[in-house]
Amino acid sequence: MTAAAARVGRFYTAARRHPWVLGKVADWKIPLGPYTPAQIAVAVGGGFLLVKTISWWSWMGPVPIVAWVLAIWAVRRPKIRGRAPMQAALGWVLLGWQPRGGRIGGRAARDRAPRPLLGGFTIEGAPAPGPAAKASPSRAARQRAPRSAAAGRSSAPRQLAAPAVAAGPVSGVQQLLALAQQSGGAQ
(Lines give C-alpha, C1' and ligand atoms only; values in the text may rest on other atoms or scores of the structure.)
Protein backbone atom coordinates (compact mmCIF):
# COMPACT_ATOMS: atom_id res chain seq x y z
CA MET A 1 0.00 0.00 0.00
CA THR A 2 1.42 3.39 -0.96
CA ALA A 3 1.62 6.36 1.36
CA ALA A 4 -0.64 8.47 -0.89
CA ALA A 5 -3.43 5.88 -0.86
CA ALA A 6 -3.34 5.56 2.94
CA ARG A 7 -3.76 9.30 3.54
CA VAL A 8 -7.28 10.49 2.93
CA GLY A 9 -8.47 13.74 4.40
CA ARG A 10 -11.97 15.09 4.42
CA PHE A 11 -13.08 18.46 5.70
CA TYR A 12 -16.66 19.39 6.44
CA THR A 13 -17.85 22.79 7.52
CA ALA A 14 -20.03 23.13 10.59
CA ALA A 15 -22.92 24.23 8.38
CA ARG A 16 -22.84 20.95 6.47
CA ARG A 17 -22.73 18.88 9.64
CA HIS A 18 -25.39 20.94 11.44
CA PRO A 19 -27.60 22.90 9.06
CA TRP A 20 -29.50 25.87 10.48
CA VAL A 21 -32.99 24.50 10.93
CA LEU A 22 -35.55 24.98 13.66
CA GLY A 23 -37.50 22.12 15.14
CA LYS A 24 -35.03 19.23 15.12
CA VAL A 25 -33.39 17.90 18.25
CA ALA A 26 -31.42 14.68 17.85
CA ASP A 27 -33.88 12.23 16.23
CA TRP A 28 -37.04 14.14 17.18
CA LYS A 29 -38.47 16.77 14.87
CA ILE A 30 -41.58 18.97 14.70
CA PRO A 31 -44.31 17.46 12.53
CA LEU A 32 -43.80 18.36 8.88
CA GLY A 33 -40.51 19.99 9.93
CA PRO A 34 -37.76 20.90 10.50
CA TYR A 35 -38.35 24.42 9.27
CA THR A 36 -35.91 26.88 7.80
CA PRO A 37 -35.87 30.50 8.97
CA ALA A 38 -37.52 31.53 5.70
CA GLN A 39 -40.40 29.13 6.36
CA ILE A 40 -40.83 30.48 9.90
CA ALA A 41 -40.88 34.07 8.59
CA VAL A 42 -43.49 33.26 5.92
CA ALA A 43 -45.60 31.34 8.45
CA VAL A 44 -45.58 34.12 11.06
CA GLY A 45 -45.95 36.99 8.59
CA GLY A 46 -48.60 35.24 6.51
CA GLY A 47 -50.57 34.11 9.57
CA PHE A 48 -50.59 37.66 10.96
CA LEU A 49 -51.71 39.03 7.57
CA LEU A 50 -54.47 36.41 7.25
CA VAL A 51 -55.81 37.16 10.73
CA LYS A 52 -55.82 40.93 10.16
CA THR A 53 -57.54 40.68 6.75
CA ILE A 54 -60.06 37.91 7.46
CA SER A 55 -62.97 40.18 6.50
CA TRP A 56 -61.48 40.64 3.01
CA TRP A 57 -60.89 36.96 2.12
CA SER A 58 -63.50 35.08 4.18
CA TRP A 59 -65.83 34.81 1.16
CA MET A 60 -63.14 32.78 -0.70
CA GLY A 61 -63.24 29.88 1.77
CA PRO A 62 -60.03 27.92 2.37
CA VAL A 63 -58.21 29.17 -0.77
CA PRO A 64 -56.07 31.83 1.05
CA ILE A 65 -55.14 29.37 3.79
CA VAL A 66 -54.09 26.75 1.22
CA ALA A 67 -52.05 29.43 -0.59
CA TRP A 68 -50.38 30.33 2.72
CA VAL A 69 -49.46 26.68 3.42
CA LEU A 70 -48.12 26.28 -0.14
CA ALA A 71 -46.03 29.45 0.29
CA ILE A 72 -44.53 28.01 3.48
CA TRP A 73 -43.71 24.79 1.64
CA ALA A 74 -42.30 26.66 -1.41
CA VAL A 75 -39.67 28.55 0.59
CA ARG A 76 -38.20 25.46 2.23
CA ARG A 77 -35.07 25.36 0.03
CA PRO A 78 -35.18 28.10 -2.56
CA LYS A 79 -32.02 29.67 -3.87
CA ILE A 80 -31.58 33.16 -5.23
CA ARG A 81 -28.32 33.05 -7.19
CA GLY A 82 -27.08 30.29 -4.93
CA ARG A 83 -28.09 32.03 -1.69
CA ALA A 84 -30.92 31.40 0.73
CA PRO A 85 -33.68 34.02 0.57
CA MET A 86 -32.96 35.46 4.03
CA GLN A 87 -29.29 36.03 3.21
CA ALA A 88 -30.24 37.46 -0.18
CA ALA A 89 -32.73 39.86 1.45
CA LEU A 90 -30.13 40.84 4.04
CA GLY A 91 -27.65 41.48 1.22
CA TRP A 92 -30.12 43.79 -0.56
CA VAL A 93 -30.84 45.67 2.68
CA LEU A 94 -27.11 46.12 3.38
CA LEU A 95 -26.53 47.23 -0.21
CA GLY A 96 -29.22 49.89 0.13
CA TRP A 97 -27.73 50.94 3.46
CA GLN A 98 -24.25 51.55 2.04
CA PRO A 99 -23.19 55.11 1.29
CA ARG A 100 -23.47 56.12 -2.35
CA GLY A 101 -19.73 56.70 -2.78
CA GLY A 102 -18.73 53.47 -1.02
CA ARG A 103 -16.39 53.14 1.93
CA ILE A 104 -12.72 53.85 2.44
CA GLY A 105 -11.16 52.46 5.60
CA GLY A 106 -14.60 51.66 7.06
CA ARG A 107 -15.81 55.27 6.75
CA ALA A 108 -18.14 56.72 4.14
CA ALA A 109 -16.22 58.09 1.16
CA ARG A 110 -17.30 61.60 0.35
CA ASP A 111 -16.27 63.97 -2.39
CA ARG A 112 -14.80 67.25 -1.27
CA ALA A 113 -17.08 70.24 -1.51
CA PRO A 114 -16.50 72.18 -4.72
CA ARG A 115 -14.99 75.62 -4.36
CA PRO A 116 -14.10 78.16 -7.00
CA LEU A 117 -10.54 78.44 -8.16
CA LEU A 118 -9.77 82.11 -8.38
CA GLY A 119 -6.71 83.59 -9.95
CA GLY A 120 -5.45 85.94 -12.56
CA PHE A 121 -2.48 86.71 -14.73
CA THR A 122 -0.95 89.70 -16.46
CA ILE A 123 0.61 89.69 -19.88
CA GLU A 124 3.40 92.24 -20.26
CA GLY A 125 5.76 92.88 -23.11
CA ALA A 126 9.40 91.98 -22.48
CA PRO A 127 11.48 95.11 -21.77
CA ALA A 128 14.11 96.02 -24.30
CA PRO A 129 17.64 95.42 -23.03
CA GLY A 130 19.06 98.76 -21.96
CA PRO A 131 22.56 99.92 -21.04
CA ALA A 132 21.87 99.49 -17.31
CA ALA A 133 21.14 95.81 -17.71
CA LYS A 134 24.39 95.23 -19.60
CA ALA A 135 26.44 97.15 -17.03
CA SER A 136 25.23 95.16 -14.01
CA PRO A 137 27.50 92.26 -13.06
CA SER A 138 26.23 88.79 -13.72
CA ARG A 139 24.77 86.67 -10.95
CA ALA A 140 27.70 84.26 -11.00
CA ALA A 141 30.17 87.13 -10.66
CA ARG A 142 28.26 88.52 -7.67
CA GLN A 143 28.30 85.11 -5.96
CA ARG A 144 32.06 84.73 -6.51
CA ALA A 145 32.86 88.14 -5.00
CA PRO A 146 34.05 87.90 -1.36
CA ARG A 147 31.82 89.46 1.26
CA SER A 148 33.33 91.66 3.85
CA ALA A 149 32.70 90.84 7.49
CA ALA A 150 31.43 94.35 8.18
CA ALA A 151 28.87 94.15 5.37
CA GLY A 152 27.42 90.95 6.82
CA ARG A 153 26.98 92.46 10.29
CA SER A 154 25.57 95.86 9.43
CA SER A 155 22.87 97.09 11.78
CA ALA A 156 21.00 98.91 9.04
CA PRO A 157 17.89 97.08 7.84
CA ARG A 158 18.21 95.39 4.50
CA GLN A 159 16.15 96.66 1.66
CA LEU A 160 15.04 94.20 -0.94
CA ALA A 161 15.71 95.30 -4.46
CA ALA A 162 13.29 94.56 -7.25
CA PRO A 163 14.21 91.38 -9.10
CA ALA A 164 16.38 92.08 -12.07
CA VAL A 165 14.93 91.13 -15.44
CA ALA A 166 17.33 89.06 -17.49
CA ALA A 167 18.20 90.99 -20.61
CA GLY A 168 19.81 88.17 -22.50
CA PRO A 169 18.63 84.71 -23.48
CA VAL A 170 17.39 82.63 -20.55
CA SER A 171 17.09 79.05 -21.73
CA GLY A 172 19.79 76.96 -23.32
CA VAL A 173 18.03 76.99 -26.69
CA GLN A 174 17.78 80.80 -26.60
CA GLN A 175 21.50 81.04 -25.75
CA LEU A 176 22.39 78.79 -28.70
CA LEU A 177 20.23 80.89 -31.04
CA ALA A 178 21.88 84.10 -29.81
CA LEU A 179 25.34 82.58 -30.28
CA ALA A 180 24.43 81.49 -33.81
CA GLN A 181 23.20 85.01 -34.65
CA GLN A 182 26.41 86.62 -33.33
CA SER A 183 28.65 84.34 -35.37
CA GLY A 184 26.77 85.19 -38.54
CA GLY A 185 24.88 81.93 -38.89
CA ALA A 186 27.58 80.27 -41.03
CA GLN A 187 29.93 77.70 -39.73
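- Under the 4.5 Å side-chain heavy-atom criterion for Ile, Leu, Val, Met, Phe, Trp and Tyr, V63 and L70 are members of distinct hydrophobic clusters.
- Side-chain heavy atoms closer than 4.5 Å link hydrophobic residues (I, L, V, M, F, W, Y) into clusters, and following such links, possibly through other members, connects W97 to L90.
- Of all non-hydrogen atoms in P64 and L50, the two that sit nearest each other are CB-CD2, 3.9 Å.
- Within a 6.0 Å radius of CD1 in I104, no more than 12 heavy atoms belonging to other residues, nucleotides or ligands are found.
- Contact between S183 and A180 at its shortest, heavy atoms only, is OG-O, 3.2 Å.
- In this structure, V69 is a member of the same hydrophobic cluster as M60, with clusters built from ILVMFWY side-chain heavy atoms closer than 4.5 Å.
- In this structure, Q39 contributes its side chain and I72 its backbone to a donor-acceptor pair below 3.5 Å.
- For the pair I65/W57, a side-chain contact is recorded, criterion being any heavy-atom separation below 4.5 Å from C-beta on.
- Atom CZ of R100 is surrounded by 12 or fewer heavy atoms from other residues, nucleotides or ligands within 6.0 Å.
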